[in-house]
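Here is the structure we will look at.
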Amino acid sequence: MLGRHYFKGCYIEGVVDFIFGYGQSIYERCKISTVKSLQKPGYVTAQGRNSASDNGGFVFKSCTISGPQATYLGRAWRHSSRVIFYQTFMSDIIVPAGWRIWNAQGYE
């Protein structure tokens, strides 16, 4: 997604990169859930900020992440991906490493 977005009290579910793009997005008090799939583990986000000067990024504020399948919080789609989880409950489905590099090798 490109542009600015504000989601409040939404229910979002998926398996792989089900929240993706390079806009400015705020998710407040949303319930984020994985679903069972052959793709294991899944990935909640794939944020695609191109450079450190871009103002894009995702903010998850007071959300809940749960579901039946293990998942990473996300993977960097581009070199300067930015995702913030603030006061968000994460159940034990989150893979302990948290993040996967994907297309941003060398930009950790």
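Positions are given from 1, in the same order as the sequence printed here. Computation of the quantities below employed the complete heavy-atom set of this structure, encompassing side-chain atoms and omitting hydrogens, waters and symmetry-equivalent molecules.
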Can a donor-acceptor pair be found, under 3.5 Å and without considering hydrogens, that links the side chain of [X] to the backbone of [Y]?
| X | Y | result |
| --- | --- | --- |
| Ser80 | Ala52 | yes |
| Gln24 | Asn55 | yes |
| Thr34 | Gly14 | no |
| Arg29 | Gly9 | no |
| Thr88 | Phe60 | yes |
| Gln69 | Pro41 | no |
| Arg78 | Gly48 | yes |
| Arg82 | Phe58 | no |
| Ser37 | Gln39 | yes |

Using a 6.0 Å cut-off, check whether atom [atom1] of [X] has over 12 heavy atoms from anything other than its own residue.
| X | atom1 | answer |
| --- | --- | --- |
| Lys31 | NZ | yes |
| Arg100 | CZ | no |
| Tyr11 | OH | yes |

What's the separation between atom [atom1] in [X] and atom [atom2] in [Y], rounded to the nearest 0.5 Å?
| X | Y | atom1 | atom2 | value |
| --- | --- | --- | --- | --- |
| Gln87 | Cys63 | CD | SG | 11.0 Å |
| Gln47 | Ile84 | CD | CD1 | 10.0 Å |
| Ser25 | Phe20 | OG | CZ | 10.5 Å |
| Ile93 | Ser33 | CD1 | OG | 7.0 Å |

Do [X] and [Y] come within less than 4.5 Å of each other through their side chains, counting heavy atoms only?
| X | Y | result |
| --- | --- | --- |
| Ile32 | Val44 | yes |
| His79 | Asn50 | no |
| Trp77 | Thr45 | no |

If Ile, Leu, Val, Met, Phe, Trp and Tyr residues are connected whenever their side-chain heavy atoms lie under 4.5 Å apart, and connections chain through other members, are [X] and [Y] in the same group?
| X | Y | result |
| --- | --- | --- |
| Ile12 | Ile65 | yes |
| Trp99 | Tyr43 | no |
| Tyr27 | Phe18 | yes |

Cation-pi, Tyr22 ring and Arg49 (6.0 angstrom, 45 degrees): no
side-chain hydrogen bond (donor to acceptor under 3.5 Å, both in side chains) evaluation trace for Thr64 with Ser66: CA-CA 6 Å; Thr64 299; Ser66 61; over 6 Å; no
Candidate pair Leu73 and Val83, rule side chain to side chain contact (heavy atoms under 4.5 Å, CB included), full reasoning: CA-CA 9 Å; Leu73 293 172; Val83 179; over 6 Å; no
His5 and Phe7 aromatic ring geometry - parallel, tilted or perpendicular at 30°/60° bounds: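 Phe7 and His5: parallel rings.
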Full working for side-chain hydrogen bond (donor to acceptor under 3.5 Å, both in side chains) between Glu28 and Tyr6: CA-CA 8 Å; Glu28 185 173 359; Tyr6 178 67; 2.4 Å; yes
